[in-house]
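Below is one structure, written out as structure tokens; comments come after it.
We're numbering straight along the sequence, starting at 1.
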Amino acid sequence: MAMFRRSILWQPNLSSQKKKTFSWWVLLGDLEVDELVDVKRVMMPAKRGFDRRAVFSFNSPGEEDGETFKLSVIVCSDSYYGLDQQYDIDITTTAGDGGAPPEGE
């Protein structure tokens, strides 16, 4: 979309007319039990080519390896209406290394 090429938002109704950089709120939760796991705010960088990502760390509700559960990722704009998106992801538990983060992060 052409309106997302720049990170400056035009707001015609503000009296101060100062520039505002828009950002996204990323929510991770379990909709089946109405539980919010984590919330992150992702700012839009002023320069092109930079990654926009949110990294979540959480404890899985599954106690056994191979157990599958579903979480929802909801992405909301703090400046534009109607751009909210929801993604349901299935996560399968595996034997871990004690909670150490993956290499490179």
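- For Ser72, the side-chain contact (heavy atoms from CB on, under 4.5 Å) partners at least two apart in sequence or on another chain are Leu31, Gln86, Asp88.
- Within the 4.5 Å cutoff, the side chain of Val26 has no heavy atoms near those of the Val39 side chain.
- Linking Ile, Leu, Val, Met, Phe, Trp and Tyr residues whenever their side-chain heavy atoms come within less than 4.5 Å leaves Ile74 and Val42 in two separate clusters.
- Shown here for Cys76 and Asp84, the closest heavy-atom pair between the two residues is CA-OD1, 3.4 Å.
- The distance from the NZ atom of Lys70 to the CD1 atom of Ile91 is 11.0 Å, given to the nearest 0.5 Å.
- To the nearest 0.5 Å, the span separating CG on Leu36 from CG on Leu28 amounts to 8.0 Å.
- The shortest side-chain heavy-atom distance between Trp25 and Asp78 falls under the 4.5 Å cut-off.
- Rounding to the nearest 0.5 Å places CZ of Phe56 at 10.0 Å from CG of Leu71.
- Proximity of Trp24 to Leu83: side-chain heavy atoms (C-beta onward) are separated by under 4.5 Å at one or more points.
- Residues meeting the side-chain hydrogen bond (donor to acceptor under 3.5 Å, both in side chains) test with Thr68, sequence neighbours left out: Thr92.
- Counting only heavy atoms from C-beta outward, the side chains of Leu27 and Lys40 never approach each other to under 4.5 Å.
- Remark: Tyr87 pairs with Gln85 by the side-chain hydrogen bond (donor to acceptor under 3.5 Å, both in side chains) rule, at least two apart or across chains.
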Full working for side chain to side chain contact (heavy atoms under 4.5 Å, CB included) between Phe69 and Thr93: CA-CA 8 Å; Phe69 59 97; Thr93 58; 3.8 Å; yes
